[in-house]
Amino acid sequence: MKIAVIHDDLMRRGGGEQVVLSMLKAFPNADLYTMCYRRELTYPEFSQYNIKTSFYNRLVKTESAMKKWFFPFGLLCMKLLRIREYDVVLISNTYCAKYVSVNENALVFIYTYTPFRLAWNPTSYQEYNTASGLKRLIFKVVIGILKKI
């Protein structure tokens, strides 16, 4: 049985990343897919696993750049990830891991920590709260698209 673990990104040391490490400890032969991975920004234990990243990993080097260019580039890169050869897929998700393309016969488990706050609670972001004019309009358009997706 082939198992894949998918996580939004590995660009920080947080609770979601600890959950993914627990998944990998339970299934040490699983492949790990993520939008972006920077070894120096997250837990060093990840380096012992087989990590596959999206094309977006080549475009951004920092967490702030990843967030800045996520829409539409990061979202598109996750949609283009094809995870077809796995029997079981474990998805650790807040905002984009769920968009990967999996085999229709795969058994898929999705652990969602919280709905994507930018779409469903934008006021939790300082950048949104201080935006005005054209920037606020762009936020509203992007949020509308994210909600539809």
Side-chain angles (χ1 to χ4, degrees), residues 1-39 41-43 45-47 49-128 131 135 137-149:
M1 175 169 47
K2 284 192 79 175
I3 299 173
V5 175
I6 305 166
H7 183 63
D8 294 326
D9 67 83
L10 296 172
M11 302 283 280
R12 70 188 63 76
R13 293 179 182 183
E17 291 72 26
Q18 291 177 357
V19 170
V20 172
L21 283 171
S22 293
M23 290 177 179
L24 291 169
K25 287 176 186 170
F27 303 101
N29 295 323
D31 292 326
L32 173 59
Y33 289 84
T34 188
M35 182 175 64
C36 296
Y37 169 58
R38 291 287 173 263
R39 181 180 182 180
L41 299 178
T42 191
Y43 297 108
E45 294 89 344
F46 281 114
S47 63
Y49 297 101
N50 183 24
I51 299 174
K52 300 177 183 189
T53 60
S54 75
F55 181 76
Y56 198 58
N57 195 60
R58 297 180 195 158
L59 303 176
V60 298
K61 304 297 181 204
T62 65
E63 183 181 7
S64 62
M66 178 200 63
K67 290 177 178 178
K68 182 177 183 179
W69 300 107
F70 170 72
F71 185 86
F73 303 114
L75 182 61
L76 177 63
C77 285
M78 286 306 274
K79 284 182 162 275
L80 293 174
L81 268 182
R82 303 286 183 243
I83 318 283
R84 302 283 186 170
E85 66 272 13
Y86 297 92
D87 304 302
V88 177
V89 178
L90 306 172
I91 299 176
S92 166
N93 174 74
T94 292
Y95 63 93
C96 70
K98 63 185 167 274
Y99 297 124
V100 299
S101 177
V102 299
N103 181 331
E104 65 183 36
N105 296 319
L107 186 58
V108 179
F109 296 91
I110 300 177
Y111 186 127
T112 299
Y113 301 97
T114 183
F116 189 15
R117 285 187 312 235
L118 179 60
W120 303 105
N121 187 13
T123 58
S124 67
Y125 288 91
Q126 183 65 24
E127 291 175 342
Y128 177 84
K135 190 173 182 181
L137 179 63
I138 291 170
F139 264 121
K140 288 185 178 196
V141 169
V142 168
I143 289 166
I145 293 169
L146 289 172
K147 283 183 175 182
K148 286 180 183 177
I149 292 171

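When every heavy atom of Asp87 is checked against every heavy atom of Met1, the shortest pair comes out as OD2-CA, 3.3 Å. When all heavy atoms of Cys36 and Tyr56 are compared, the pair lying nearest together is SG-CD2, 3.3 Å. Here the closest heavy-atom approach between residue Val5 and residue Ala30 is recorded as CG2-CB, 4.0 Å. Ser92 approaches His7 most closely through the heavy-atom pair OG-ND1, 2.7 Å.
Residue pairs that meet the side chain to side chain donor-acceptor pair (under 3.5 Å) test with at least one member in residues 139-149, sequence neighbours left out, do not exist here. Within the structure, no pair that satisfies the salt bridge (Lys or Arg N to Asp or Glu O under 4.0 Å) test touches residues 88-110, not counting sequence neighbours. Each ring pair (Phe, Tyr, Trp, His ring centres under 6.0 Å) pair with one or both residues in residues 79-105, not counting sequence neighbours, appears once here: Tyr33-Tyr86, Phe70-Tyr95, Tyr95-Phe116. Identified under the salt bridge (Lys or Arg N to Asp or Glu O under 4.0 Å) test for residues 20-35, with sequence neighbours left out: Asp31-Lys52. Sorted by first and then second residue, the salt bridge (Lys or Arg N to Asp or Glu O under 4.0 Å) pairs with a member in residues 64-86 read Glu63-Lys67; sequence neighbours excluded.
From Met11, atom CE reaches atom CG of Asn57 across 7.5 Å, with rounding to the nearest 0.5 Å. In this structure, the separation between CD1 on Ile91 and SG on Cys96 is 10.5 Å, given to the nearest 0.5 Å. Between Asp9 atom CG and Thr53 atom OG1 the span is 11.5 Å, to the nearest 0.5 Å. Rounding to the nearest 0.5 angstrom, the gap separating the CG atom in Leu41 from the NZ atom in Lys61 is 11.5 Å. From Met78, atom CE reaches atom CG of Asn93 across 8.5 Å, with rounding to the nearest 0.5 Å.
For the side-chain contact (heavy atoms from CB on, under 4.5 Å) test, residues two or more places apart in sequence or in another chain that qualify with Tyr43 are Arg13, Glu17, Gln18, Leu21, Glu45, Phe46. Judged as a side chain to side chain donor-acceptor pair (under 3.5 Å), and not counting sequence neighbours, the contacts of Asn121 are Thr123. Here Ser47 pairs with Tyr37, Arg39 under the side-chain contact (heavy atoms from CB on, under 4.5 Å) rule; sequence neighbours left out. Under the side-chain contact (heavy atoms from CB on, under 4.5 Å) criterion, Thr94 pairs with Asp8, Tyr113, Thr114, sequence neighbours left out. Under the ring pair (Phe, Tyr, Trp, His ring centres under 6.0 Å) criterion, Tyr128 pairs with Phe139, sequence neighbours left out. Applying the ring pair (Phe, Tyr, Trp, His ring centres under 6.0 Å) criterion to Tyr125, with sequence neighbours excluded, gives no partner residue. Every residue was checked against the side chain to side chain donor-acceptor pair (under 3.5 Å) condition with Ser22, not counting sequence neighbours, and none meets it.
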Is there a side-chain contact (heavy atoms from CB on, under 4.5 Å) between Val20 and Thr34 once you walk through the steps?
CA-CA 11 Å; Val20 172; Thr34 188; over 6 Å; no

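Looking at heavy atoms from C-beta onward, Leu90 lies in side-chain contact with Phe27 at the 4.5 angstrom threshold. Counting heavy atoms from C-beta outward, Leu81 and Ile6 have side chains that stay 4.5 Å or more apart.
Counting only distance, with no hydrogens or angles, the side chain of Ser54 and the backbone of Met35 share a donor-acceptor pair below 3.5 Å.
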